[in-house]
J.: 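Take this structure, written in structure tokens, and hold onto it; I'll ask about it next.
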Amino acid sequence: QVQLVESGGGLVQAGGSLRLSCAASGRIFSIPAMGWFRQAPGKEREFVAGISWSDGSTYYADSVKGRFTISKDNAKNTVYLQMNSLKPEDTAVYYCAATPPDHPEEAAARLGKVGSWGQGTQVTVSS
């Protein structure tokens, strides 16, 4: 079992930046990858970015490529999402996610399966 706690959300103007953090606890050694999803009002939850614990490989949704950067600190069991050049359409609740232990290592950063979710943190981008 893995527990995830997000922080760092808030209100920012378009063009601004925010950094989200996700601290993981529990059986971290058992999971191949972690990442971020988001859900805007009236829309389905969508994948944003993922990172492999073992080799640091990353994967991004097309909508955030070149603007968002995911990174990790193995010593702190923490994953970060640096969000730059924010747009109003980035407004959403952002959820930290971890793969289950049985997720294949190959392409783990795509987070095809999610075993654990954080509680979510609100990001609001004003125009």
J.: How close do Ile51 and Gly56 get, heavy atom to heavy atom, and via which atoms?
T.: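 For Ile51 versus Gly56, the nearest heavy atoms are CG1-O, 3.8 Å.
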J.: Hydrophobic clustering (ILVMFWY, side-chain heavy atoms < 4.5 Å, transitive) - are Phe47 and Leu86 grouped together?
T.: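 No.
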J.: Determine, stepwise, if the pair Trp117 / Cys96 fulfils side chain to side chain contact (heavy atoms under 4.5 Å, CB included).
T.: CA-CA 6 Å; Trp117 293 99; Cys96 183; over 6 Å; no
J.: Honestly curious: do Tyr59 and Trp53 fall in one hydrophobic cluster under the side-chain, below-4.5 Å linking rule?
T.: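 No, no single cluster joins them.
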J.: Where is the tightest heavy-atom contact between His103 and Ala108, given as atom of each residue plus distance?
T.: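 Smallest interatomic distance, heavy atoms only, reads CE1-CA, 3.6 Å.
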J.: Is there a path of hydrophobic side-chain contacts, each under 4.5 Å between heavy atoms of I/L/V/M/F/W/Y residues, joining Val93 to Val114?
T.: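 Shared cluster, yes.
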J.: Mind checking whether Ser63 and Arg38 have side chains closer than 4.5 Å, heavy atoms only?
T.: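 Heavy-atom side-chain distance check passes, below 4.5 Å.
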J.: Check whether NZ of the Lys or CZ of the Arg Arg45 lies under 6.0 Å from the centre of the six-membered ring of Phe37 and within 45 degrees of that ring's axis.
T.: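 So Arg45 doesn't make the cation-pi contact.
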J.: Any idea which heavy atoms bring Val125 and Lys87 closest together, and the distance?
T.: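 Shortest heavy-atom contact: CB-O, 3.3 Å.
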J.: Counting only N and O atoms by type, is there a donor-acceptor contact under 3.5 Å from the side chain of Thr121 to the main-chain atoms of Gly8?
T.: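 Absent.
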J.: Roughly how far apart are Ser52 OG and Ile31 CD1, rounded to 0.5 Å?
T.: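 Rounded to the nearest 0.5 Å, the OG-CD1 separation comes to 10.0 Å.
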J.: Does any non-hydrogen side-chain atom of Met34 lie less than 4.5 Å from one of Leu4?
T.: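 The answer is yes, as the side chains (C-beta and beyond) meet within the 4.5 Å cut-off.
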J.: Can you check whether Gln119's main-chain N or O pairs, donor with acceptor, with Glu6's side chain at less than 3.5 Å?
T.: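 Indeed, once roles are kept as given, a pair shorter than 3.5 Å links the two residues.
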J.: Are Met83 and Val12 linked, directly or through intermediate hydrophobic residues, by side-chain heavy-atom contacts shorter than 4.5 Å (ILVMFWY only)?
T.: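 Yes.
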J.: Report yes or no: do Val2 and Val5 belong to one cluster of Ile/Leu/Val/Met/Phe/Trp/Tyr joined by side chain heavy-atom distances under 4.5 Å?
T.: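 Val2 and Val5: separate clusters.
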J.: Identify the heavy atoms of Tyr60 and Phe68 that sit nearest to each other, and give their distance.
T.: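 Minimum heavy-atom contact is CE2-O, 3.3 Å.
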J.: Closest heavy-atom contact between Arg67 and Ser85?
T.: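 Heavy-atom minimum between the residues: NH1-O, 3.0 Å.
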J.: Would a distance-only check, ignoring hydrogens and angles, find a side-chain to backbone donor-acceptor pair under 3.5 Å from Thr99 to Ala33?
T.: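 Side chain of Thr99 to backbone of Ala33: a pair is present.
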J.: Show your working on side chain to side chain contact (heavy atoms under 4.5 Å, CB included) between Asp55 and Glu105 and close with a plain yes or no.
T.: CA-CA 10 Å; Asp55 62 10; Glu105 285 285 350; over 6 Å; no
J.: For Tyr95 and Gly120, which heavy atoms make the closest approach, and how far apart are they?
T.: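 Nearest heavy atoms, Tyr95 then Gly120: CD2-CA, 3.6 Å.
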J.: With side chains defined as the heavy atoms from C-beta onward, is the minimum distance between Arg27 and Pro101 less than 4.5 Å?
T.: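 Not in contact.
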J.: Rounded to the nearest 0.5 Å, how far does NZ of Lys72 lie from SG of Cys22?
T.: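 Separation between the atoms: 14.0 Å.
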J.: Measuring from atom CH2 of Trp36 to atom CG of Leu20, what distance do you get when rounded to the nearest 0.5 angstrom?
T.: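 Trp36 CH2 to Leu20 CG: 4.5 Å, rounded to 0.5 Å.
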J.: CD of Gln13 to OG1 of Thr124: how many Å apart, nearest 0.5 Å?
T.: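 If I round to the nearest 0.5 Å, the distance is 13.0 Å.
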J.: Can you tell me how far OG of Ser7 sits from CZ of Arg19, rounded to the nearest 0.5 angstrom?
T.: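 One finds 8.5 Å between CZ of Arg19 and OG of Ser7.
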